Amino acid sequence: MVLSELGKKISGALRKLANRTVVDEEALNEMLNEVSRALLEADVNVKMVQALRQSVKKKVNLEELAAGVNRRKLIQKAVFEELCNMLSPGTSPPPLKKGRPNVVMFVGLQGNGKTTTCVKYAYYHQRKGWKTALVCADTFRAGAFDQLKQSATKARVPFYGSHTETDAVKVAREGVDLFRKEKYELIIVDTSGRHKQDTALFEEMEQIAQAVQPNSIIFVMDGTMGQSVYDQALAFRQRVNVGSVVVTKLDGHAKGGGALSAVSATKSPVVFIGTGEMLDDLEPFAPQSFVQRLLGLGDISGFVNAVKEAGVDQNPDILKRIQEGVLTLRDLYDQFQSVLKMGPMGKVLSMFPGMQDLIPKGKEREGTLRVKKFLSIMNSMTDDELDNPKVQFNQSRMIRIGRGSGRDVKDVEDLLAEYKRLSKLVSRVGKNKALKTGDFSQLQRNMPQQLSRMMDPKMLQQMGGASGLQNLMKQFSSQFRG
Ligand code: GDP
Ligand code: MG
C-alpha cells in the first residue's frame, strides 16, 4: 500500500481513541492532533488540515450528543468522511467510450513520469480489451522515441513515432490519423516536457491539442513534490483543458498525501496513481477506496469491481460445481485465467482488510509465472482429462502432456498436486453451510480469518495466493450478486 506510514499513523490514532474508557473533548482533540501531525508530515497543506479538524469537530459536536450514541463510531466515521472529502475534487474525468477512437493526450513536466505512465495506461486498458495504440509526440528530448518504443514493445502495444522528424505536431497528427483509420479505440499521445513551465512547452502543447483534438487530456505529476504541485497543476489547467490527473511515484514517498490533496484542491480528479516503475504499477484511484485501504479497512467495492471486470462471476457453472464440492481441471483453467485478468495478485489482495502485508513484493510475479506455466500445461490436455475428475494421470499420460507443452513431467506433477490440494479445498467449501443456504452474513463476519486460514503460508508460497483467493472470490461474487 502506498502511503502506508500515513495510514498507520491515522488508524493508530483512531484505535487509541477507540480503546479509551471515556471519549470526551480531550480525547477527541488528542486524536485530531495526532491525525493532523501525520497529515502535515505527509506534506498536506496546513489550511486543508485545519479544515479537516474543524469539519470533524463540527460533525461530532460532543456537547450536544444524545446519550447512547456511539461516540467512537461517530468520530471514526467523521474522520473517514473528511479524509475522503479532502481527496474528492467534486468533478469527474471525461469518460472513455467504447466503439469509437478515444484520443488521450498526456502532458506534464519532464521527468514526472509521462512516458512511463502512457505505457502503463495503455497496458492497463489493453488488458481490459481496448484496442490501444501509443503515439510518441516527444521530439524534444533525445532518446524519447526509443524509450517509448522499448516499453511499448514490452507491453505489446502498437506505437508510432519518428527518429528524424523534429516537428512534434506533425508526428502527433500523423500517428493519430493512422490509428484512427485503423479503428483503434484508445490512442494515447505522449508529449514532451520541459524542465520547467515555459512558453515553448505550453505553445507546443496547445498546438498538439489543436492538431489531434483529444477527447481527454491527462496531466501527469510527480507525487514526491508534495503540495507544491498545486501551482503547477493550476498552471497546466489554465493553458489546456486538463480533464484528469495521474500522480506518479507514490511508492514509498512521504509527500504523496500532500500531492494527492493538492490536486483535488485544483478540482481535477486523480484517475490513477503510479506506484512503481513496472508496467503494472498503476492503480485506479477513487477517494473512498483509497482511504479505506489507507486505514487498513480493506476495499470490498474495489475487489468486487476487479471480480466483475475479470468476468469471474459470469460463470455460474463453476460456482455451481464448487457448491457441489467438485472441481475439474477445466474449472481450474478458467480460474487461473481469471486470476491473470484480475491483475497483480498483491494488489488484489491489498483490497482485503489486514491483508496488505501478506504477500511480499516480488512474490506476486512468481505466482503469476507459475499460473502461466500451469495454463500452458493444461493446453495440451484432452477434453476428457480436463472435464473428468476421475481420469488417472499415469506416467505415460504425464509424459505425453509434458512433451506437448514443452514442460517437464515434474511440472505436470506439480500442477496435479496443486489440483489435488484445491479439489480438497473445494470439497470442503462444498460442505460450507453458507454456500449451500445462501446465508452469507456469517461468512462475511468471518471473512478475514477465513481468508488467512485458506492462505496458509505453505499454500501461499506454492501459488502466490491464487487458489485461495480465487476460491474466496467465488464466495464473494455470489454474495454480492445477491
Ligand atoms: P517523462 O519525462 O515525464 O516522460 O518521465 P518518464 O516516464 O521518462 O519517467 C521519469 C523517471 O521516473 C523514470 O526513471 C521512471 O522510471 C520513473 N517513474 C515514473 N513513474 C514512476 C512511479 O510511479 N514510481 C517510481 N518509483 N518511478 C517512476
Ligand atoms: Mg517522456
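Numbering of ligands and ligand atoms starts at 1, following listing order. Note that the coordinates shown come from a computational prediction; the quantities given were computed from them, not determined experimentally.
Of all protein heavy atoms, the one closest to atom 8 (O) of ligand 1 is Gln147 NE2, 2.9 Å. Scanning all protein heavy atoms for the shortest distance to atom 18 (N) of ligand 1 gives Lys249 CE, 3.9 Å. The protein heavy-atom contact nearest to atom 2 (O) of ligand 1 is Gly111 N, 2.7 Å. Protein heavy atom closest to atom 5 (O) of ligand 1, with residue, atom name and distance, is Gly113 N, 3.0 Å. Closest protein heavy atom to atom 22 (C) of ligand 1: Gly276 O, 3.2 Å. Of the protein's heavy atoms, Glu277 OE1, 2.5 Å lies nearest to atom 16 (O) of ligand 1. Closest to atom 24 (N) of ligand 1 among all protein heavy atoms lies Asp251 OD1, 2.9 Å.
Every atom of ligand 1 is numbered from 1 in the order shown, and the set under 4.0 Å from a heavy atom of Thr275 is 23 (O). Residue-ligand proximity, Gly274 to ligand 1, at heavy-atom distances under 4.0 Å covers atoms 23 (O). Against a heavy-atom cut-off of under 4.0 Å, Leu109 is close to the following atoms of ligand 1: 3 (O). Per-residue contacts place Gln110 under 4.0 angstrom from the following atoms of ligand 1 (heavy atoms of the residue considered): 2 (O). Short contacts between ligand 1 and Thr115, defined as distances under 4.0 Å to a heavy atom of the residue, involve ligand atoms 1 (P), 4 (O), 7 (O).
Below 3.5 Å of separation, one finds an N or O of Lys114 facing an N or O of ligand 1. Not one N or O of Asp281 is nearer than 3.5 Å to an N or O of ligand 1, by distance alone.
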| task | Start with the C-alpha gap between Asp167 and Thr139, add the side-chain angles, then the distance that decides, and say whether side chain to side chain contact (heavy atoms under 4.5 Å, CB included) holds. | result | CA-CA 7 Å; Asp167 182 352; Thr139 53; over 6 Å; no

| request: List the steps, then state whether side chain to side chain contact (heavy atoms under 4.5 Å, CB included) holds for His125 with Ile188. | output: CA-CA 11 Å; His125 284 93; Ile188 298 162; 5.8 Å; no

| field | Intermediate values then yes/no, side chain to side chain contact (heavy atoms under 4.5 Å, CB included), Ser376 and Arg407 | value | CA-CA 9 Å; Ser376 75; Arg407 307 281 179 180; 3.2 Å; yes

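Residue Lys249 is tested with Asp222, Asn112, Thr116 for a side chain to side chain donor-acceptor pair (under 3.5 Å); the sole match is Asp222.
Side-chain contact between Val247 and Phe285 is absent, with no heavy atoms from C-beta onward closer than 4.5 Å. In this structure the side chain of Pro101 never reaches within 4.5 angstrom of the side chain of Tyr184, judged on heavy atoms. Looking at Met221 and Gln232, their side chains come closer than 4.5 Å, going by heavy atoms from C-beta outward. Inter-residue side-chain proximity for Leu39 and Ile10 is flagged as met; some heavy-atom pair is nearer than 4.5 Å.
Counting heavy-atom neighbours within 6.0 Å of Glu182 CD, excluding the residue itself, gives a total above 12.
The closest approach between a heavy atom of Thr117 and any atom of ligand 1 is not below 4.0 Å.
Of all the heavy atoms of Leu250, none lies under 4.0 Å from any atom of ligand 1, so neither backbone nor side chain is involved. No part of Asp190 comes within 4.0 Å of ligand 1, judged by heavy-atom distances. The parts of Thr116 lying near ligand 1 are both backbone and side chain, judged by heavy-atom distances below 4.0 Å. Within the 4.0 Å heavy-atom criterion, the part of Lys120 lying near ligand 1 is the side chain and not the backbone.
For Phe106 and Tyr121, the distance between ring centers is under 6.0 angstrom. Taking the six-membered ring for Trp and the full ring otherwise, the centers of Tyr124 and Phe272 sit less than 6.0 Å from each other.
Counting backbone and side-chain atoms alike, Gln147 contributes no N/O/S atom closer than 2.8 Å to the Mg ion (ligand 2).
Not one N or O on the side chain of Asn19 forms a donor-acceptor pair closer than 3.5 Å with the backbone of Lys16.
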